[in-house]
Protein chains: 2
Amino acid sequence: MRVSLKDVAAHAGVSIKTVSNVVNNFQHVTPAMRERVQRSIDELGYRPNLTARHLRAGRTGIIALALPELGNPYFAELAAAVIDTAAEHDYTVLLDHTGGRREQELLVSQGFRARVIDGLILSPIELETEDLRDRAGEVPLVLLGERDYDLPYDHIAIDNVAAARAAVAHLVALGRREVAFIGARRGRNEPAQLRVRGWREELTAAGLPVDEGLVAATDGWGHADGAEAMTRILDAGRRPDAVFAYNDPMAIGAMRVLHTRGLRVPEDIAVVGFDDVVEGRFGAVTLTSVSPDKGAIGRLAVASVLARLGGAAPEPQRVRAPYRLVERESTLGRRAADRSPKG
Amino acid sequence: MRVSLKDVAAHAGVSIKTVSNVVNNFQHVTPAMRERVQRSIDELGYRPNLTARHLRAGRTGIIALALPELGNPYFAELAAAVIDTAAEHDYTVLLDHTGGRREQELLVSQGFRARVIDGLILSPIELETEDLRDRAGEVPLVLLGERDYDLPYDHIAIDNVAAARAAVAHLVALGRREVAFIGARRGRNEPAQLRVRGWREELTAAGLPVDEGLVAATDGWGHADGAEAMTRILDAGRRPDAVFAYNDPMAIGAMRVLHTRGLRVPEDIAVVGFDDVVEGRFGAVTLTSVSPDKGAIGRLAVASVLARLGGAAPEPQRVRAPYRLVERESTLGRRAADRSPKG
DNA sequence: CAACGGATGTATAACGTTGCAAAACCAGCG
DNA sequence: CGCTGGTTTTGCAACGTTATACATCCGTTG
């Protein structure tokens, strides 16, 4: 059985509270007493019971981070940033994995899965506005990612429309005229459309036709989905001279297909991805990508949760995280301006 | 303030225990009473306080999974398997991130970081045997991965020596004679050497010289480390005809360097990785890799922790998880036998 | 030397839940 | 109508911790 304050107190011949005082480094404990109690603590191997402490104090020191895919290195890198930042504030992160399924996201947002937490950072895919409306009595929530909700929660994301426009503008500046978009979400009324919108807006601004036949919807966001979408476009007889993918894995999947079809990147088709995952820097053709500042997003998310932890309720805000466009071999050619937003 | 059993009891005009009985679906509650209490529960929006429940029950329903790198998709995929299996048993997984640093691993193994857990699954990198010897009063521990300890804990891993031998044997069967090893761990007395040992044993068995100059040590296990190691080998004037890398990211990093140096894979140099991450299937040259059954490992790990949860202490065991060698373009050539172990 | 007051240690009551044992209730039966 | 035996409901204690209020100690001071 585990050692409790009571055991230590009995062993040291003092009251429970005195042991507690030593454990918590309270003032008004004589050095002699402190040492005596500490000796018992060490001897018995006492360790505080967090559950009990939480019951008393009303907090656990755990915040949950719910992500759609751990397999996507973007989320893995983001998670690492969140975990490290939280650790600096003596918080532990409980990572949850929704698979981007609405049911799972719902469970998480309502606290049914991760049940012993002080706050929640959620990156939703499928969740609708009304799903989040009624979470009375729940812990503070911070939202991440492309989905846009009209709800009183902090939301941390880069400006997806602007970032997508920067990517397309870069392709246009290279002289590309037919830019495909890979990775529109299939089967949603209001899918994660900000990047498609950016694509559309920038093409329009450049005076180029917006060809919806060059938008390929997919079910998922992995390599295979990108490959499948690229295959579909090519098999439809289309030969765009550039591809903008929803994320890097999809871009890499698309490049694989282009390679097997004998199309050269960037000579025949330029490719831009999104997220700047490390994998994109080590292919045979390195990948140009929109690079959100994952460290900043992680730090902002943790700060945001912590800010409303003590019952404090600051005004909800949309935070725009920094990003930049990193140019690599997949769009090599005439130099285009690097579009960086203000930090 | 949150609604407690007491509030519901007062509202419904019954005792606290009766409300508890309704909440827990106990028998011996009349339908009328059940409905009346349920009405109060709904009206007040009562939700059980898990912390209190845990304090009472002595368990939290959380198991921790501590991994060295979330950014490596191998671990991400493994984590997904663990999370899903745990969820089936009504357990939540708290993911921890050690970065492969001894200090962090020590904290985790001694329960200082994730302190509200019922059990721990740990994939250690730096931890030594003696570090794990004294964890009296700690929660059940299951070890994963290549490190081998002589300790009374369950250990779940594939047979790393045999798997490495299979990889090297495959290269030898292709007629390769100079097989480099990339990713021996730098700066450790007894590093994760099982794969190096397999490499050594198989070369010896094949009657080939074991050239330690073809073993490249690295600090980490990422793309960049693989690239750096490959560069080092080439810059030393060596021209092996095959490379066996500690894991897939390193193999891919190495292939990038080979590509930039104008060396063709597999014609000039064949490459085999380890872990079979999805990324390896979508490069310009797809990657042959040792493919551990991540789903099985995850399931075995969870089962192992759960088995010793109730205080039960089954005999500690080494569990060999299944794996196979998946051949792809990076070793295309003369066909070699597929070495699969018994499942 | 009695009274005072700051420093130090202690007893008790929570936090919200559930297991246990006992109490209250309700037929049915002699 | 009281007793029996079963069902339903209740009261209390306990899980391990900390906040609060109180008790004790001891050196100073008038």
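Numbered from 1 within each chain, the chains take letters A, B, ... in sequence-line order. Side-chain atoms are counted along with the backbone in the values below, which use heavy atoms only and exclude waters and symmetry mates.
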When you check the gap from the basic side-chain N to the acidic O, do [X] and [Y] get nearer than 4.0 Å?
| X | Y | value |
| --- | --- | --- |
| A:Arg147 | A:Glu128 | yes |
| B:Glu126 | B:Arg185 | yes |
| B:Arg39 | B:Glu35 | yes |
| B:Asp148 | B:Arg318 | yes |
| B:Arg308 | B:Asp154 | yes |

Generate the contact string for nucleotides 21-28 of chain D. Rules: B means base contact, S means sugar-phosphate contact only, - means no protein heavy atom under 4.0 Å. --------

For nucleotides 4-10 of chain C, give me one character per nucleotide, 5' to 3': B if any protein heavy atom sits under 4.0 Å from the base, S if the only such contacts are to the sugar-phosphate, - if neither. ---SBSB

So how far off straight is the helix from C:dC1-D:dG30 to C:dG30-D:dC1, going by the axes through five pairs at either end, to 10°? 80°

D:dT18 base to A:Arg56 side chain: any donor-acceptor pair below 3.5 Å? yes

Any donor-acceptor N/O pair, [X] side chain to [Y] backbone, under 3.5 Å:
| X | Y | result |
| --- | --- | --- |
| B:Asn24 | B:Asn21 | no |
| A:Gln104 | A:His97 | no |
| A:Glu105 | A:Leu127 | yes |

Below 4.5 Å, heavy atoms only, C-beta onward: do A:Pro124 and A:Tyr149 meet side chain to side chain? yes

Flag side-chain contact, heavy atom, 4.5 Å: B:Val319 against B:Ser304: no

How long is the line joining [atom1] of [X] and [atom2] of [N], in whole Å?
| X | N | atom1 | atom2 | value |
| --- | --- | --- | --- | --- |
| B:Arg59 | C:dT18 | CZ | C1' | 14 Å |
| B:Leu5 | C:dC15 | CG | P | 12 Å |
| A:Tyr46 | D:dT18 | OH | C1' | 10 Å |
| A:Lys6 | C:dA11 | NZ | C1' | 14 Å |
| B:Phe26 | D:dT8 | CZ | C1' | 14 Å |

On the nucleotide D:dT18, are OP1 or OP2 found under 4.0 Å from the side-chain N or O atoms that A:Arg53 carries? yes

Nucleotide of C:dC15, D:dT17, C:dT18 approaching A:Leu55 most closely (side-chain heavy atoms): C:dC15

Neighbour count >12 (heavy atoms, 6.0 Å) for atom CD, A:Glu103: no

